[in-house]
Asker: 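So that we are looking at the same thing, I have put the structure below in structure tokens.
One-based numbering, in listed order, for ligands and for the atoms of each.
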Amino acid sequence: MPKPILKIALDVPLDRLFDYLSGGLHVQIGQRVLVPFGRRSQIGIVMGFADTSDFAIEKLKPITQAFADELPIDAQTLNLIKFSADYYQYPFGQALLSALPARLRQIAPAVSRKQFAYGLTALGQTIAVEKIPKRQMVTQRVFAALQASETLTEAELDAISSSARKAAKQLVAQGWASSQQVQATIKTLTMPPAIEPQLNDEQTLAVERITQEAQTFKAWLLHGITGSGKTEVYIRLMQHVLAEKDAQILVLVPEINLTPQLEARFRSRLPNYPLVSLHSNLSESERLHHWQLAQSGAAKIIIGTRLSIFTPLPNLKLIIIDEEHDSSYKQQDSMRYHARDIALVRAQRLKIPVVLGSATPALESWHNATANLNALQASKYGLLSLNQRAVTAAQLPMIECIDTTKVNLQHGLTPQLIAALKLRLARKEQSLLFINRRGYSPVLLCAACHWIAPCTRCSARLVVHLGQRKLRCHHCGHEQKIPLQCPSCGDADLHPTGHGTQRLEQTLAQLLPTARIARVDRDSISRKNALVEILDKVNNQEIDILVGTQMLAKGHDFPNLTLVGVIDTDSALHSPDFRASERLFAQLMQVAGRAGRADKAGQVIIQTQFPDHELFNALRTQDYVSYANALLLEREQVQFPPYVFTALIRAEANDFALVQAFLQHAFTLARSMTNAVLVYDPVRPQMERLKGMERGHVLLQATHRPALQHLLKPLVSQLRAHKVAAKVRWAVDVNPLEF
Ligand code: ADP
Ligand code: ZN
Ligand code: ZN
């Protein structure tokens with residue numbers, strides 16, 4: 001007799017499972033089911049079976065439906081999510097359901113996906129590929145591919161280029177191609193892999209060391225500047241691991257839509273292994289489809305953003321985390337997990353290697369790779385370094401700082417930078433200007449009384465968006481018209497003050513009227529393919545100057561780009577956030593790495609008021625190692641992470657008195673529960689008010705991670721039970737990145 005009671009995880013904010021009767025339906029652990037809950041129906045996941053319940057059996061309700069055609073979620077995945085939910089103090093059911101593709105949270109069977117397949121029409125078959133203008137390179141390639149094979153699916157088009165679908169649609173519009181719906185499957189292209197370069201000594205060593213221990217758990221930190229050939233190392237490791245039948249590899253990337261080149265490179269170098277991507281830019285049905293291909297084992301290479309760390313992968317043999325220092329691996333709401341930390345746990349449980357790659361590793365990782373555990377035991381991670389650029393001709397860029405207090409600025413630009421831009425235009429080379437502020441200018445200032453336009457809902461200033469004649473809050477999205485008069489003194493002399501991407505773009509257009517300029521920031525890149533289109537234009541030499549935020553810093557490879565200008569990043573030098581300088585250094589190393597990737601030498605010009613700051617000194621010599629060691633020494637002296645382990649109890653409410661009452665309670669409770677954890681008084685974060693909510697937090701700090709975990713579990717369950725807790729929005733943030 002099977003046990004009659006089902007233990008089911010539901011997407012509700014209670015940290016427990018719910019009891020139901022099977023109702024005669026056959027289910028397995030990990031199966032998706034539909035259950036009555038209150039007056040509604042909910043999707044749940046079966047977690048176990050029991051003979052007894054804490055509730056009277058006659059009161060239990062039967063489940064209404066079991067989605068028996070779907071593969072159940074495997075025990076390993078369930079256990080990993082359970083571990084995460086416990087570690088980050090988040091209700092398991094919510095953690096589990098939110099790790100699934102949206103389609104699996106909806107009350108409907110997860111049907112397999114249809115997609116379009118393209119083929120040439122009778123007319124199209126009579127056309128020669130030369131008929132397509134040379135400029136339309138992608139269209140030409142798509143057309144040639146259609147001539148070579150009968151049909152191409154959308155997935156196959158993606159393998160040609162990220163804009164290939166658009167090109168195919170254009171061919172349909174011309175009457176040269178037609179499309180029809182077919183069942184989505186996964187195929188690989190039958191083409192020879194792209195030629196592979198001969199590894200240099202450092203790369204060879206890295207590949208050898210990791211492959212020697214490919215059958216065990218070990219974390220490897222692959223430290224190498226941009227262009228040193230880390231991706232090439234990943235590819236060789238992937239080839240090695242995939243040679244084993246059925247093996248799967250998970251590659252985590254910070255934001256996949258910003259790195260289309262990486263996916264294209266994997267596809268061209270590993271063409272025989274089915275590859276899927278998992279990220280939020282996919283349609284819901286694409287995401288489900290890709291997830292199912294991963295879960296069934298059909299997909300061998302899975303490239304995904306942080307959430308994909310929870311994807312069921314029956315044969316996972318290697319995890320690679322590219323740009324491991326990137327803060328987008330940390331989720332900043334609901335379950336505040338860090339995908340890198342979860343990856344380490346997952347790899348350890350599966351006894352497989354995990355490779356963390358970066359030019360500027362997170363200090364936590366650097367510490368783990370360099371600090372000796374004790375006299376007998378070396379560091380926790382293996383450290384592998386690539387110290388040269390892989391292409392021998394490619395030299396490191398020359399980095400110089402220009403003291404903005406010593407020269408006359410023209411609309412915020414130094415004469416040196418302007419001259420360098422002109423030189424690039426004359427040489428038909430490309431430039432990139434990096435400024436980490438979108439909009440026209442960061443503040444609107446009254447010249448008479450020094451009033452500054454504030455956001456009423458946040459502790460922040462409104463940013464001027466001149467094009468739309470709006471003031472906009474970048475924290476809550478609040479928007480208003482630009483006032484004609486100062487609301488404080490009535491004066492009409494209101495000035496946009498300071499520079500953002502829009503203003504820089506405008507200034508450049510005035511200074512360099514012949515230059516073709518493109519702006520890349522969240523305002524200009526709201527459409528799905530906008531970035532890809534701009535990057536294509538840059539590659540086709542249709543752009544001379546790129547202006548943009550950190551969106552531009554990531555992994556794009558432009559061989560003809562030889563100048564990088566950095567405009568005013570000084571505020572980060574003096575930020576109260578102790579991680580600000582670590583982050584700025586990483587960002588600037590990354591943008592600097594954009595200059596001079598091929599055979600042309602690069603130049604980087606940094607405009608700053610503090611040219612002698614140690615951060616810039618380290619940057620000039622591209623010396624991550626000594627800068628990281630210096631920062632670590634500081635952290636050790638003041639006892640900051642990674643030398644201590646922290647957690648925040650965050651709270652917010654319309655009324656600060658409620659926040660205070662809750663945090664005071666949390667503070668007193670925590671203090672009464674342990675001596676092993678330092679409990680700080682409630683304080684307000686730097687952003688005191690956000691989206692109309694008053695905020696505060698209590699910081700918990702311990703020298704040993706287990707002490708913190710021992711406190712958190714009982715603390716959180718007591719807090720949940722307390723009546724003040726219902727009046728505020730509160731959350732626990734373990735290993736917080738932002739304060
Ligand atoms: P990273 O990922 O560290 O930025 P990549 O792997 O992208 O570096 O390498 C930078 C460039 O050098 C790429 O164009 C790559 O094809 C090339 N490359 C990498 N390794 C080698 C090598 N051993 N010999 C020649 N070229 C290489
Ligand atoms: Zn005024
Ligand atoms: Zn706001």
Side-chain angles (χ1 to χ4, degrees), residues 193-207 222-238 251 253 259 261-266 268-269 320-324 355-361 384-396 443-463 471-480 483-495 497 553-559 589-590 592-599 622 624 687-693 695:
I195 345 155
E196 47 185 38
Q198 180 108 38
L199 295 186
N200 64 31
D201 290 350
E202 289 176 329
Q203 287 173 314
T204 307
L205 182 70
V207 173
L222 180 62
H223 170 230
I225 53 164
T226 316
S228 61
K230 296 185 292 298
T231 311
E232 192 58 41
V233 171
Y234 302 158
I235 290 171
R236 297 303 168 95
L237 293 174
M238 292 165 80
V251 183
V253 294
T259 54
Q261 288 175 343
L262 189 68
E263 188 178 333
R265 204 158 144 198
F266 287 157
S268 78
R269 291 292 300 283
I320 293 169
I321 307 182
D322 193 30
E323 309 289 359
E324 66 88 31
V355 177
L356 316 178
S358 176
T360 50
L384 299 164
S385 302
L386 307 180
N387 291 310
Q388 294 144 19
R389 283 203 157 175
V391 180
T392 31
Q395 292 165 8
L396 289 179
V443 290
L444 184 69
L445 175 75
C446 169
C449 76
H450 296 148
W451 170 86
I452 286 175
C455 177
T456 49
R457 306 177 66 220
C458 308
S459 315
R461 292 157 175 183
L462 293 176
V463 176
L471 296 176
R472 206 177 278 161
C473 175
H474 285 183
H475 300 281
C476 71
H478 166 80
E479 245 186 28
Q480 65 188 62
L484 298 173
Q485 291 181 328
C486 172
S488 173
C489 74
D491 203 288
D493 205 8
L494 294 176
H495 291 286
T497 304
K554 309 218 161 132
H556 314 295
D557 197 350
F558 306 122
M589 279 284 274
Q590 213 162 22
R594 301 292 127 232
R597 293 224 16 167
D599 49 349
Q622 304 233 358
Y624 165 83
M687 179 82 63
E688 293 188 358
R689 194 164 2 99
L690 182 64
K691 299 181 187 178
M693 301 290 255
R695 312 163 78 211

Asker: SG of C455 to CZ of R472: how many Å apart, nearest 0.5 Å?
Answerer: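 Between atom SG of C455 and atom CZ of R472 there are 13.0 Å.
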Asker: May I ask you to test the M589-I225 pair for a side-chain heavy-atom distance under 4.5 Å?
Answerer: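 Yes - at least one pair of side-chain heavy atoms lies under 4.5 Å apart.
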Asker: Starting at NE2 of H475, measure out to CE of M687 and round the result to the nearest 0.5 Å.
Answerer: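 The distance works out to 3.5 Å.
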Asker: Determine the minimum heavy-atom distance between V207 and R236, stating which atoms define it.
Answerer: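 Heavy atoms of V207 and R236 come nearest at CG2-CB, 3.9 Å.
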Asker: Would you say G227 and ligand 1 have an N/O pair spaced under 3.5 Å apart?
Answerer: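 Min N/O separation from ligand 1 is below 3.5 Å for G227.
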Asker: Atom CZ of R269 and atom CD1 of I195: how far apart are they, to the nearest 0.5 Å?
Answerer: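 Answer for the CZ-CD1 pair, R269 versus I195, is 9.0 Å.
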Asker: Mind checking whether the Zn ion (ligand 3) has an N, O or S of C458 under 2.8 Å?
Answerer: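 For C458, the answer is yes, given that an N, O or S atom comes within less than 2.8 Å of the Zn ion (ligand 3).
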Asker: With heavy atoms only and a cut-off of under 4.0 Å, state how T231 meets ligand 1: side chain, backbone, both or neither.
Answerer: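 Near ligand 1, T231 shows its backbone as well as its side chain.
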Asker: In the structure I gave you, are the side-chain heavy atoms of C489 and W451 within less than 4.5 Å of one another anywhere?
Answerer: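 Not in contact.
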Asker: I'd like to check which ligand 1 atoms, numbered from 1 as shown, lie under 4.0 Å from a non-hydrogen atom of K230.
Answerer: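 Answer for ligand 1: 1 (P), 2 (O), 3 (O), 6 (O), 8 (O).
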Asker: At the Zn ion (ligand 3), what is the angle formed between atom SG of C473 and atom SG of C455, rounded to the nearest 10°?
Answerer: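 It is 110°, given to the nearest 10°.
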Asker: Is V233 touching ligand 1 with its side chain, its backbone, both, or neither, if touching means heavy atoms under 4.0 Å apart?
Answerer: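 It is neither; nothing of V233 touches ligand 1.
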Asker: Could you tell me the separation between the CG atom of N387 and the OG atom of S228, rounded to the nearest 0.5 Å?
Answerer: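 Interatomic distance, N387 CG to S228 OG, rounded to 0.5 Å: 8.0 Å.
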Asker: Within the 4.0 Å heavy-atom shell around S228, which atoms of ligand 1 are there?
Answerer: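 Counting from 1, the qualifying ligand atoms are 3 (O), 8 (O).
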Asker: Heavy atoms only: give me the nearest C458-K691 pair and the separation to one decimal.
Answerer: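 Smallest heavy-atom distance, with atoms named: SG-N, 3.3 Å.
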Asker: With respect to atom 6 (O) of ligand 1, which of Q198, Q388, E202, R265 exhibits the smallest heavy-atom separation?
Answerer: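 Going through Q198, Q388, E202, R265 one by one, R265 has the nearest heavy atom to atom 6 (O) of ligand 1.
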Asker: Compare every heavy atom of H495 with every heavy atom of D493, then report the nearest pair and how far apart it is.
Answerer: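 That closest heavy-atom pairing would be OD1-NE2, 3.0 Å.
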Asker: Please identify which atoms of ligand 1 are closer than 4.0 Å to at least one heavy atom of N200.
Answerer: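 It comes down to these atoms of ligand 1: 23 (N).
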Asker: Please identify which atoms of ligand 1 are closer than 4.0 Å to at least one heavy atom of E232.
Answerer: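 Near E232, the atoms of ligand 1 are 6 (O), 19 (C), 20 (N).
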Asker: Verify side-chain contact (heavy atoms from CB on, under 4.5 Å) between E196 and I235, making sure each step is shown before the conclusion.
Answerer: CA-CA 10 Å; E196 47 185 38; I235 290 171; 5.8 Å; no
Asker: Closer than 2.8 Å to the Zn ion (ligand 2), what protein N/O/S atoms do you find?
Answerer: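 For the Zn ion (ligand 2), the protein N, O and S atoms that sit under 2.8 Å away are C446 SG, C449 SG, C486 SG, C489 SG.
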Asker: If every non-hydrogen atom of P361 is compared with every non-hydrogen atom of Y624, which pair is closest and at what distance?
Answerer: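 Smallest interatomic distance, heavy atoms only, reads O-OH, 2.8 Å.
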Asker: Quick check for you: to the nearest 0.5 Å, what is the distance between L199 atom CG and L205 atom CG?
Answerer: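 Separation between the atoms: 11.0 Å.
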Asker: Examine all N, O or S atoms of C476, backbone included, and report whether one is under 2.8 Å from the Zn ion (ligand 3).
Answerer: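 Yes, since at least one N, O or S atom of C476 sits under 2.8 Å from the Zn ion (ligand 3).
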Asker: Tell me the closest heavy-atom pair linking R695 and R689, and the distance in Å.
Answerer: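 Scanning both residues, the minimum pair turns out to be CD-C, 4.3 Å.
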Asker: Please state whether the separation between the Zn ion (ligand 3) and some N/O/S atom of H478 is under 2.8 Å?
Answerer: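 Of the N, O and S atoms in H478, none lies under 2.8 Å from the Zn ion (ligand 3), which means no.
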Asker: Does even one non-hydrogen atom of D322 get within less than 4.0 Å of ligand 1?
Answerer: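 In this structure, D322 fails to qualify as a contact of ligand 1 - no heavy atom is under 4.0 Å.
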Asker: Atoms of ligand 1 less than 4.0 Å from I225 heavy atoms?
Answerer: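 The list of qualifying atoms is 3 (O).
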Asker: Please state which option from G229, A359, G593, G357 has its nearest heavy atom closest to atom 8 (O) of ligand 1.
Answerer: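 The option holding the nearest heavy atom is G229.
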Asker: Using every non-hydrogen atom in the two residues, find where P483 and L494 come nearest and quote the distance to one decimal.
Answerer: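 Residues P483 and L494, closest heavy atoms: O-CD1, 3.5 Å.
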Asker: Would you check whether G224 reaches within less than 4.0 Å of ligand 1, judged by its heavy atoms?
Answerer: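 The answer is no, since G224 has no heavy atom less than 4.0 Å from ligand 1.
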